[in-house]
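See below for the structure under consideration.
Since the model is a prediction, treat every value here as computed from it, not as a measurement. The sequence lines fix the lettering, A, B, ..., with proteins before strands; numbering per chain opens at 1.
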Amino acid sequence: MTYEHQKIEQKWQKFWSDNHTFKTTDDTSKPKYYALDMFPYPSGQGLHVGHPEGYTATDIMSRFKRAKGFNVLHPMGWDAFGLPAEQYAMKTGHNPADFTSQNVAHFREQIQSLGLSYDWDREINTTDPEYYKWTQWIFEKLYEKGLAYESKMMVNWDPIDRVVLANEEVIDGKSERSGNRVERKALRQWVLKITAYADRLVDDLEELDWPEAIKEQQRHWIGRSKGAAVFFNIDHSDKQIEVYTTRPDTLFGASYMVLAPEHQLVNEIVTDEQSQAVSDYRAMISAKSDLERTDLNKDKTGVFTGAYGINPVNGEKLPIWIADYVLASYGTGAIMAVPAHDERDFEFANKFNLTIKPVIEGGDITQAPYIGDGVHINSDFLNGFDKVTAIDNIISWLEEHGAGHSQTNFRLRDWIFSRQRYWGEPIPVIHWEDGTKSLVPENELPLLLPRATELRPSGNGESPLANLTDWLEVTREDGVKGRRETNTMPQWAGSSWYFLRFVDPHNQEKLADPDKLKYWMNVDLYVGGAEHAVLHLLYARFWHKFLYDLGVVPTKEPFQKLVNQGMILGGNHEKMSKSKGNVVNPDDIVAQFGADTLRVYEMFMGPLTQSKPWSEEGITGSRRWLDRVWRLLVDDAGQLRDHVTTVNQGDLDKVYNQTVKKVTDDVENMRFNTAISQMMVFVNEAYKSEALPIDYMNGFTQLLAPFAPHMAEELWLRLGHESSITYVTWPEYDETQIVDDTVEIIFQVNGKVRGKAKVTRDIDKNSMIDLAKADENVQNFIDGKEIRKIIAIPGKFINIVVG
RNA sequence: GCCGUUGUGGCGGAAUUGGCAGACGCGCUGGACUCAAAAUCCAGUGGUGGCAACACCGUGUGGGUUCGACUCCCACCGACGGCACCA
């Protein structure tokens, strides 16, 4: 009987489902393992072959840990709010909820066809009111703690979709999602104070088992820098300018100052003569997109304001300019310019003929600014000091004279949390006509998203909810009228805490039971794409820390170990896309070759973390191997082959034990490709053997089970066991069977291999040397030459160095 | 420009601690089976030279450390990903 994947896979998927094989209980007597995938957005396109890669990886780990005696939590859910559904709804006049649930059903069916061992009783959906009740609850807590506030923000405005985009959703001046050109617009927004957690978000990265590249990206995104705030008085004015600098030690080298064009003080300090030039410049800048101000603009521009600042350390008058190379959003939006020691200031000073005054020895400042360390000069009491000492000294001086202080700054900005969209969690706030606002009381949560079939943009920058007056307008007991918040939450909201809900998905009283959280958290393994390196992972960490401070969760961090799977590219080594016609549909693969083949192939392609190209020949190769495994054990009549016996001739002892060892070790370290290749080696050896010891066949089937679970279950049955293989204890290996009495040693001359010999394992150094010298080919290379040195590692190799 | 990842046969990749480069798979070649083909099984397969033993060359490029380097160090080149004047 040939290997009939469709029959076998359907049979076992039904078995697992009927028997609730993967149902997770809170059995705290066992060690726990929480393996989590980044839950998908159920798009209309369905699954692509990239999804199964990460899912298979966590599934292998889950099945492996079950066999190792762990209580495994391995759940799946849906991140189902999101813009595509809303856009589709607007186009077709449907409600996003309807086809979102269709998409979810399709995704679930596709995912289930892959034989993944999820506990489907824990399935969650961010659009389910039972779920988003708690998303709203967390928002209310943030609000109560002063971490959610409203602010008029210059936001990225997509004039076609009429939605606001966060900075990080704008790529090259265009919307990441719609591709529309983005404009700037001031709108009232809800903002979350993620910056209050900036220090902890940087510091706590240390203790996480994450790829260094991701940690580095987060550190850079948060962008902590240590420096000083310095106050400059303004000539003929009682105003002050506060600048931020990381190099306060170069204060004596400041030769001008720059304000961001949007800086509040510009209007107050500009002189009459310069007023026209300044307003012209500001008009020119505001018309430019961020892209034009940065990428496309390699040439520094700016305008003199006519005003002068006073250097606090020496009383020098410094001309104050405005220039778009200073950003209003970073630091204080004002800098002291030290052109001798800063690239940007140097470029600007050269263009506008401003003074360049060196205060550190080194480099040639007629050619280029000198950024490095060195002895300070032209700096009065800082002369002679190096950078670190000079910074300490100047900060002390500034503090003593009330002219500044040390200061830490972050690149990270607060998180614009509201979206002018329908398809998101309603923000549970009511704005009253008396000017006050209040939260929807906790016992009234969830605040349901009203059902709407006709989604129309409000046209005024508000979400389509502004059209739904029944929902929108509320009256308080005292007769005061109010209007509900029309902004909704971003897609990042539901995904910032879903890993907690999986622990206790049906809890009516709490987000999750504290004892269960204590048992299950942290997530032991979190697998997903690197595109979430910063945003999702940073937001989730922020919420988690907030919930930790509230005492809701027991751990500071949510995800202990993070792994990013690489991309699966098309056969032409390019990213899969419809336009390139290189998209592979997993449904087709499952139908033609089976889920087990797909799983084995995706794991065998190469290291999980690397990008690798899809190959049609590759998948047939994996299928061929599974066929080969099947035929090894099952004959044409569908019976276990006769050569599987209780007799052990011993010829497979070594390779079997090696295989158990290597596969165990590789799976532990998620090196699935080499684990599979070792199983292939075993199968190749088994084909050469006349008798297959049943114990070894049992063990091999167990090793195979996490990779090709359907086939393994079927073989397990035919090997005479009861179902299921899932909780059968993982095989052990016998170290003594791996170690040979004899080993092959290498003879090298000058580091090149010139001979080999089989020797007993415990051979001593001198015998090895004698053997080497006696080797015919070795003699060809050492005869007549002086032996200078012999390096010998017993049992491994010997290197004779001749001169 | 900065940060990160990466570079090994015809292709995907392996080499876990500095110690036989190319495991395993694909492809290709040959053999067995077959009337034949497919499938399957077995064997071979980095390049050059040689009947062979074997020799020389070979892990992006150039240098270095070492008895010995895919592995460590320095400089450079290419590919991929992220960031964009962050004071």
Between [Y] and [X], does any NZ, NE, NH1 or NH2 come within less than 4.0 Å of an OD or OE carboxylate oxygen?
X        : Y        : value
A:Asp299 : A:Lys351 : yes
A:Arg599 : A:Glu53  : no
A:Asp627 : A:Arg623 : yes
A:Glu735 : A:Lys661 : yes

Taking atom CG of A:Leu633 and atom CZ of A:Arg628, what is their separation to the nearest 0.5 Å?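 So the gap between those two atoms works out to 12.0 Å.
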
In dot-bracket form, 5' to 3', how is RNA chain B paired? Count Watson-Crick and G-U wobble pairs only if both distances fall under 3.5 Å, and write | where the partner sits on another strand. (((((((..(((......[....)))((((((.......))))))((((....))))..(((((..]....))))))))))))....

B/S/- contact track for nucleotides 19-29 of chain B, protein heavy atom under 4.0 Å: BB--BBSSS--

If you measure from the [atom1] atom in [N] to the same atom in [M], how many Å do you get, rounded?
N      : M      : atom1 : result
B:rA15 : B:rG46 : C1'   : 16 Å
B:rG60 : B:rA14 : P     : 14 Å
B:rU6  : B:rU61 : C1'   : 16 Å
B:rU17 : B:rG68 : C1'   : 15 Å
B:rG82 : B:rC74 : P     : 27 Å
B:rA79 : B:rA84 : P     : 22 Å
B:rC3  : B:rC85 : P     : 16 Å
B:rA75 : B:rG25 : P     : 41 Å

Kindly point out which of [options] is positioned nearest to the side chain of [X]?
X        : options                : answer
A:Lys300 : B:rC85, B:rC67, B:rG4  : B:rC85
A:Arg411 : B:rC3, B:rA87, B:rC83  : B:rC83
A:Ile335 : B:rC57, B:rA87, B:rC83 : B:rA87
A:Tyr325 : B:rC85, B:rC56, B:rU16 : B:rC85
A:Pro607 : B:rG13, B:rC67, B:rU16 : B:rG13
A:Lys789 : B:rG13, B:rA87, B:rC67 : B:rC67
A:Lys752 : B:rG12, B:rA55, B:rC57 : B:rC57
A:Ala213 : B:rC83, B:rU5, B:rC41  : B:rU5

Could you give the [atom1]-to-[atom2] distance, from [X] to [N], as a whole number of Å?
X        : N      : atom1 : atom2 : value
A:Ile214 : B:rC3  : CD1   : C1'   : 13 Å
A:Glu216 : B:rU5  : CD    : P     : 9 Å
A:Lys785 : B:rC67 : NZ    : C1'   : 15 Å
A:Gln779 : B:rA53 : CD    : C1'   : 16 Å
A:Gln610 : B:rU6  : CD    : P     : 7 Å
A:Glu262 : B:rC85 : CD    : C1'   : 14 Å
A:Phe672 : B:rU16 : CZ    : P     : 19 Å
A:Trp221 : B:rA84 : CH2   : C1'   : 11 Å

By nearest heavy atom, map A:Asp342 and A:Asp665 onto RNA chain B; which one lands nearer the 5' end?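 So the residue in question is A:Asp665.
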
Assuming nearest nucleotide by heavy-atom distance, tell me which of A:Lys662 and A:Thr245 is located more 5' along RNA chain B.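 Its nucleotide being nearer the 5' end, the pick is A:Lys662.
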
Taking any heavy-atom pair under 4.0 Å as a contact, classify [X]: base, sugar-phosphate, or nothing.
X        : result
A:Lys215 : nothing
A:Thr609 : nothing
A:Tyr687 : sugar-phosphate
A:Arg224 : nothing
A:Ser225 : sugar-phosphate
A:Tyr601 : nothing
A:Asn669 : nothing

Using the side chain to side chain donor-acceptor pair (under 3.5 Å) rule, take A:Thr659 and A:Tyr733 through it: C-alpha gap first, then chi angles, then the decisive distance, then the call. CA-CA 9 Å; A:Thr659 301; A:Tyr733 60 91; over 6 Å; no

Taking atom CD as the centre, does A:Glu343 end up with more than 12 heavy-atom neighbours from other residues, nucleotides or ligands that are less than 6.0 angstrom away?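 It does not: A:Glu343 CD has 12 such atoms or fewer within range.
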
More than 12 foreign heavy atoms under 6.0 Å from CG of A:Asp642: is that the case here?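 Not more than 12 within 6.0 Å, no.
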
Phosphate oxygens OP1/OP2 of B:rA14: is one of them under 4.0 Å from a side-chain N or O of A:Arg671?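 Negative; the distance criterion is not met.
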
For B:rA55, does either OP1 or OP2 sit under 4.0 Å from a side-chain N or O belonging to A:Asn777?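 Indeed, a polar side-chain atom of A:Asn777 lies that close.
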
Determine the interplanar angle of the A:His536 and A:His532 rings, folded into 0 to 90°, and report it as parallel if under 30°, tilted if 30 to 60°, perpendicular if over 60°.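 Rings of A:His536 and A:His532: perpendicular, over 60°.
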
What is the ring orientation for A:Tyr601 with A:Trp614, classed by angle as parallel under 30°, tilted 30 to 60°, or perpendicular over 60°?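 Perpendicular.
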
With A:Arg754 as the cation and A:Phe747 as the aromatic partner, state whether NZ or CZ is under 6.0 Å from the six-membered ring centre and within 45° of the axis.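 No.
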
Derivation and outcome, ring pair (Phe, Tyr, Trp, His ring centres under 6.0 Å), residues A:Phe700 and A:Tyr656: CA-CA 8 Å; A:Phe700 170 75; A:Tyr656 172 75; 8.7 Å; no

By the rule that syn is within 90° of 0, classify the base conformation of B:rG9 as syn or anti.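 B:rG9: syn.
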
Determine whether the side chains of A:Tyr244 and A:Ser225 contain a donor N or O and an acceptor N or O closer than 3.5 Å.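 On atom types as modelled, these side chains qualify, holding a pair under 3.5 Å.
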
